[in-house]
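Down below is the structure, laid out as structure tokens.
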Amino acid sequence: MSKVYLQAAIDIAREAGAVLREEVQRPPDIAYKGDFDLVTQADRRSEALIVSRLQTLFPEHAVAAEEGSGRETGSEYRWHVDPLDGTTNFAHGYPCFCVSMALAKGGDLLLGVVYNPIFEEMFWAARGEGAHFNGKRMQCSKIGELRKSLLCTGFPNTKRHTLPNIHYYWDFTLHSHGVRRDGSAALDLAYVAAGRFDGFWEFGLKPWDTAAGVVLVEEAGGKITDLDGKPYVLGGKSILATNGLIQAEMEKMAAEIKKKESVQV
Ligand code: IPD
Ligand code: CA
Ligand code: CA
């Protein structure tokens, strides 16, 4: 994997992060994509910057960006871009949001970068080169039991009443140290990679939410599947990301919840 791609992703994420830092000082300019699905001026400004930098540096690469300004080029290289993951947090001034960028070649994820511009926390990973946090190697936690784990999850902004996650939230809360709900899937995955959380699950995430985080977790020694224990595909119905050690226990509990609650996903 070319170091040029990784350095570009780190530099661009920092630059887009500076835009978010500037925008968060202003009253948010909120529009709605759905009943509770927010988009702000900051999402658009950050995305415009990222897409334009990628266009200049790698004009042949395809770009899939959340707010729709990406491009199809027919290239086997594809950037997955979330210019602001955690928009609801951003709009309320809750400092848990980030820029998330990943590069795939022919469907294989090569690298991922997640940057929280408020805490100036940079997480990056590249295939075979490990996962890194602010210049140092990072590893998933070594906690091997669900009952001693700190977990996280998220709830989608769309079709909220039809999703079954509250059942999973309830049962996993009763069988762990607790379940956090921070509102940024990309940061949730980065935190699993950094050993802050031991496991994360969610339903209905999009490729730009998870692509970077998947590389981070895998390169930090963790495991990613869907909630049924099958291989995770970007944009799949569910994701389960753990330190690897509690994966089997979480899969087992997810299967029990699914059966008990007759969950259809
Ligand atoms: C959202 C966040 C949130 C997750 C939602 C996503 P956005 O992304 O990742 O944690 O629960 O499903 O849509 O809209 O803030 O980019
Ligand atoms: Ca997102
Ligand atoms: Ca977003």
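- Between M101 and W208, every side-chain heavy-atom pair lies at or beyond the 4.5 Å cut-off.
- A search for side-chain hydrogen bond (donor to acceptor under 3.5 Å, both in side chains) contacts involving T73 returns nothing, not counting sequence neighbours.
- If you take CD on Q247 and CG on L146, they are separated by 11.5 Å, rounding to the nearest 0.5 Å.
- Rounding to the nearest 0.5 Å gives a distance of 10.0 Å between CG of D209 and CG of L234.
- E251 meets the side-chain hydrogen bond (donor to acceptor under 3.5 Å, both in side chains) test with no other residue; sequence neighbours excluded.
- Judged by distance alone, with hydrogens and angles left aside, the side-chain atoms of S69 form no donor-acceptor pair with the main-chain N or O of A65 at under 3.5 Å.
- With sequence neighbours excluded, the residues that form a salt bridge (charged side-chain N to carboxylate O under 4.0 Å, His left out) with D171 are K260.
- Remark: E145 engages K148 in a salt bridge, criterion side-chain N to carboxylate O under 4.0 Å.
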Less than 3.5 Å apart, which donor and acceptor atoms pair up between the side chains of residues 82-90 and the rest of the protein, not counting sequence neighbours?
residue, atom, partner, partner atom, Å
D82, OD1, L84, N, 3.3
D85, OD2, S184, OG, 2.7
D85, OD2, A185, N, 3.0
D85, OD2, A186, N, 2.9
T87, OG1, D43, OD2, 2.7
T87, OG1, L84, O, 3.4
N89, ND2, C96, O, 2.8
N89, ND2, D182, O, 2.7

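- A91 and I30 make their closest contact through CB-CD1, 3.8 Å (heavy atoms, listed as atom of the first residue, atom of the second, distance).
- Residues E60 and S75 have side chains that never bring a donor and an acceptor to within less than 3.5 angstrom of each other.
- Taking CG of N165 as the reference point, atom CZ of R181 lies at 9.0 Å (rounded to 0.5 Å).
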Side-chain atoms of residues 105-123: list all donor-acceptor pairs with protein atoms under 3.5 Å, sequence neighbours left out, distances to 0.1 Å.
residue, atom, partner, partner atom, Å
Y115, OH, R21, NH1, 3.4
N116, OD1, I118, N, 2.9
N116, OD1, F119, N, 3.1
E121, OE1, R196, NH1, 3.0
E121, OE2, R196, NH2, 2.9

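- Using a 4.5 Å cut-off on side-chain heavy atoms (C-beta onward), T242 and L240 make contact.
- Between Y5 and Y77, the ring center distance clears the sub-6.0 Å criterion.
- Using a 3.5 Å distance cut-off with no hydrogens or angles, the side chains of Q55 and R71 do pair a donor with an acceptor.
- R78 places no side-chain N or O within 3.5 Å of a backbone atom of A64 that could act as its donor or acceptor partner.
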Could you give the side-chain donor-acceptor pairs of residues 136-144 under 3.5 Å, partners two or more places apart or in another chain?
residue, atom, partner, partner atom, Å
S141, OG, D198, OD1, 2.5
S141, OG, N243, ND2, 3.0

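- In summary, E23 and R45 engage in a salt bridge, as defined by a charged side-chain N under 4.0 Å from a carboxylate O.
- Applying the side-chain contact (heavy atoms from CB on, under 4.5 Å) rule to V179 yields the partners L151, T153, Y169, F172, T173, S176, W201; only residues at least two apart in sequence or on another chain are considered.
- Under the rule for a salt bridge (charged side-chain N to carboxylate O under 4.0 Å, His left out), E249 has no partner lying at least two apart in sequence or in another chain.
- Shortest non-hydrogen contact noted between G199 and V192 is C-CG2, 4.1 Å.
- For residues 175-197, the ring-ring contact (aromatic ring centres under 6.0 Å, His included) pairs, not counting sequence neighbours, are Y191-F197.
- Under the salt bridge (charged side-chain N to carboxylate O under 4.0 Å, His left out) criterion, E67 pairs with K33, not counting sequence neighbours.
- In this structure, NE2 on H132 lies 9.0 Å from CD1 on I10, to the nearest 0.5 angstrom.
- Residues passing the salt bridge (charged side-chain N to carboxylate O under 4.0 Å, His left out) test with E76, sequence neighbours excluded: none.
- With contacts defined as side-chain heavy-atom distances shorter than 4.5 Å, the pair I239/V214 qualifies.
- A search for side-chain hydrogen bond (donor to acceptor under 3.5 Å, both in side chains) contacts involving T210 returns Y232, not counting sequence neighbours.
- Checked by atom type, the side-chain pair E202/S238 shows no donor-acceptor distance below 3.5 Å.
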